[in-house]
Amino acid sequence: MRKTILALALLALPVAATAQTKIAATPAMGWNSWNHFAKRVTDKDVRTAADELVSTGMKDAGYIYVNIDDAWQGKRDSSGNIVPNSKFPDMKALADYVHSKGLKIGIYSGPGPQTCGGYEGSYQHEEQDAKMYAQWGIDYLKYDLCSYHKIMQQEAPGDQVKQYQMMHAAYEKMHKALQATGRPIYFSLCQYGWDSVWKWGPTVGGNSWRTTDDIQDNYMSMSNIGFSQAGLSKYAAPGHWNDPDMLEVGNGKMNGNEYRTHMSLWAILAAPLLAGNDLSKMSAETKSILMNKEVIAIDQDPLGKQGDRVSAEGPFEVWSKPLKDGSIAVGLFNRGHDAEQMSLPLQKLGLSAGSKIHNVWNPTDSGHGPWMVPEHGVVLLVIKK
Ligand code: GLA
C-alpha cells in the first residue's frame, strides 16, 4: 500500500510540474489595464483592448493576455459569491468576447480582505473565487498581497518568520484552489519581492512573481527597477519568471530612447511583456517599440534563460542573455545624461573580434562599434559567437 502511494506521489510530481511549465513556457505577453486606466477601467475598455490587440498586430506579435487589474469587483452576494461592480455587467460574456478574438483573459485579486485599491479581496473565499473565475473562463490571475499584510501583522505581531510563512501559505492556498478547478490558470504573484520571492515563488505555484514595487512612467522608476534585477537570472526558468512589473511604453512620460531601453532591458530579463498603454492611441513609434519582432524574440527565446549584468562602470551597463541558437543578446545601456560612446567588452562576453553582430534597433548598421549611445538609451545587439 505504502509503495503504491509513493509511486502515485512520484507520478503526480512531474505531471504538476509540466502543467505549470506549459502555461508559461516563455514569459507571458499581453496587456493589463492598470498602468493607463487604473481604477477607471470598464468592460468597454477591456473589449476595446482586445479589439486593438487584434487590429494593431499586437496579437500576432505575441500579446495574448487581456488582463483586468484592480477595480472590477463589487460586493459578495448572500452566498458569498464575488459579484463584479457596475462597470462590468457580465464577466462571462466579457471572457467569451475576449476568447472569440483568440485571446486569453486575466483578472486580479488578493489574499487579503481588500485589494490595494480597496476592493473586495479573496480572504476566506479562495476556493469560491477560484471556482467563479473558472466558470467565467478566466485564464490568468494576478494575486496581490496588499491588505493581507495587515492580517499577517495582527496574527503574528513582531514575528517576521511567522508572517512570511503565512504569506507563503496564502499564495499556496490560492494556487491549490486554482488547480482544483481543473482549468489551467496562470498564477501571477504580486507582493513586491518580499522575502526574496524568487527563491520560493515556484514552490507556491507562481508562474511569475513581481520582484519590486510598482513601476511608474518615468525613467528613474523604470531604470531603478530594471537595473536592480542584476543577480536574479538564476531564479527564472520555463514555467516561472521574475516580473519587474508591467510596461509603460506608450504612456507618454518617457522619450523613445527611454522606452527602447525599457523594452530592451525587459527582453534581456525574460520579463513578462504586459503592455500598459491605451492601445487605441498608439503612435507609430510606440508600435515600433512594442512590436519589434527581434526584441520580442529575445524575450521569448525558447532556451528560457534570463539575462544578467556583465559590467557596470559609472553610467554604463552591459547586460547579456544567452539564446537558443548559441548567439547572445547584448544591451549597451547609457544611464547618463550625455550621449557617450560604448564598446563591446569582448573578453567579458567571451567573444572574438570577428563575431557577427546584428544591431536590433538600427538594422542597417553593420559595424563592430564603438557605438554612440544616447542619454538614457541603448544599443541592442544580437551576436553570433
Ligand atoms: C498594487 C500593484 C499594482 C496594481 C495595484 C492595483 O499597487 O502592485 O500593480 O495592481 O496594486 O490596486
Side-chain angles (χ1 to χ4, degrees), residues 27-43 45-46 49 63 65-75 82 84-85 87-88 91 105-123 129 133 138-152 167 170-171 174 185-198 201 204 206-218 220-222 224-226 228-229 232 241-251 253-254 262 266 269 271-278:
M29 289 180 68
W31 173 88
N32 174 294
S33 56
W34 185 254
N35 285 354
H36 179 77
F37 291 97
K39 291 189 193 176
R40 300 181 306 277
V41 65
T42 64
D43 172 286
D45 297 328
V46 177
Y63 294 86
Y65 286 101
V66 182
N67 291 351
I68 310 166
D69 208 276
D70 210 353
W72 63 268
Q73 313 89 326
K75 295 291 167 207
I82 185 73
N85 61 39
K87 296 185 290 138
F88 290 87
M91 217 36 122
I105 184 162
I107 211 160
Y108 167 99
S109 189
Q114 272 96 43
T115 62
C116 294
Y119 292 81
E120 189 75 18
S122 294
Y123 184 58
D129 284 358
Y133 304 151
I138 297 295
D139 306 295
Y140 184 119
L141 173 67
K142 173 174 170 184
Y143 206 50
D144 194 347
L145 188 73
C146 256
S147 70
Y148 192 73
H149 184 212
K150 268 198 212 122
I151 308 259
M152 286 153 49
M167 179 169 69
Y171 279 94
M174 185 47 105
I185 299 180
Y186 179 112
F187 193 32
S188 156
L189 275 48
C190 179
Q191 45 76 279
Y192 341 112
W194 291 0
D195 192 29
S196 307
V197 60
W198 40 90
V204 298
N207 294 116
S208 59
W209 44 82
R210 279 272 301 277
T211 52
T212 69
D213 278 337
D214 292 13
I215 196 167
Q216 284 163 18
D217 186 19
N218 63 70
M220 266 308 132
S221 165
M222 180 278 291
N224 282 339
I225 286 179
S228 75
Q229 303 300 291
L232 295 189
W241 307 95
N242 290 302
D243 173 9
D245 208 355
M246 303 170 290
L247 297 172
E248 291 284 6
V249 176
N251 278 333
K253 300 270 167 55
M254 287 187 250
H262 188 6
W266 264 235
L269 294 171
L273 297 178
L274 296 170
N277 56 318
D278 181 352

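As the structure lists them, so they are numbered: ligands from 1, and atoms in each ligand from 1. Residue numbers count from 1 along this sequence.
Within ligand 1, the atoms closer than 4.0 Å to a non-hydrogen atom of Arg210 are 2 (C), 8 (O), 9 (O), numbered from 1 in the order shown. Counting atoms of ligand 1 from 1 in the listed order, those under 4.0 Å from a heavy atom of Cys116 are 1 (C), 11 (O), 12 (O). Within the listing of ligand 1, atoms 12 (O) sit less than 4.0 angstrom from a heavy atom of Gly117. Close approach of ligand 1 to Asp69 is summarised as follows: ligand atoms under 4.0 Å from at least one heavy atom of the residue are 4 (C), 6 (C), 10 (O).
Close N/O approach between Trp34 and ligand 1 is not found [any backbone or side-chain N/O within under 3.5 Å]. Remark: ligand 1 and Lys142 share an N or O pair separated by less than 3.5 Å (distance only, no angle test). Checking only distances, Tyr192 never comes within under 3.5 Å of ligand 1, N or O to N or O.
The shortest heavy-atom distance from Lys39 to ligand 1 is not under 4.0 Å. Taking 4.0 Å as the cut-off, Tyr108 counts as a neighbour of ligand 1 on heavy-atom distance.
Checking Tyr119 against Asp70 by side-chain atom types alone, no donor-acceptor pair falls below 3.5 Å. Inspection of the Trp209 and Asn242 side chains reveals an N or O donor paired with an N or O acceptor under 3.5 Å.
The residue Cys146 has no part lying near ligand 1, judged by heavy-atom distances below 4.0 Å.
Annotation for Trp34 and Lys39: closest pair CZ3-N, 3.8 Å, computed over non-hydrogen atoms.
Contacts of Gln216 classified as side chain to side chain contact (heavy atoms under 4.5 Å, CB included), with partners at least two apart in sequence or in another chain: Asn218, Ser221. Cys146 is linked by a disulfide bond (SG atoms under 2.5 Å apart) to Cys116, counting only residues two or more places apart in sequence or in another chain.
Residue, atom and distance of the protein heavy atom nearest to atom 12 (O) of ligand 1 are Asp70 OD2, 2.8 Å. Nearest protein heavy-atom contact of atom 7 (O) of ligand 1 is Asp214 OD2, 2.6 Å. When only non-hydrogen protein atoms are considered, atom 11 (O) of ligand 1 lies nearest to Asp144 OD2, 3.0 Å.
Taking the six-membered ring where tryptophan is involved, the planes of Phe187 and Tyr143 are tilted, since the angle between them lies from 30° to 60°.
In this structure the side chain of Thr115 reaches within 4.5 angstrom of the side chain of Gln73, judged on heavy atoms.
At least one donor-acceptor pair under 3.5 Å links the side chain of Asn85 to the backbone N or O of Ala71.
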Residues Tyr192, Asp144; criterion side-chain hydrogen bond (donor to acceptor under 3.5 Å, both in side chains); working and verdict: CA-CA 9 Å; Tyr192 341 112; Asp144 194 347; 2.6 Å; yes

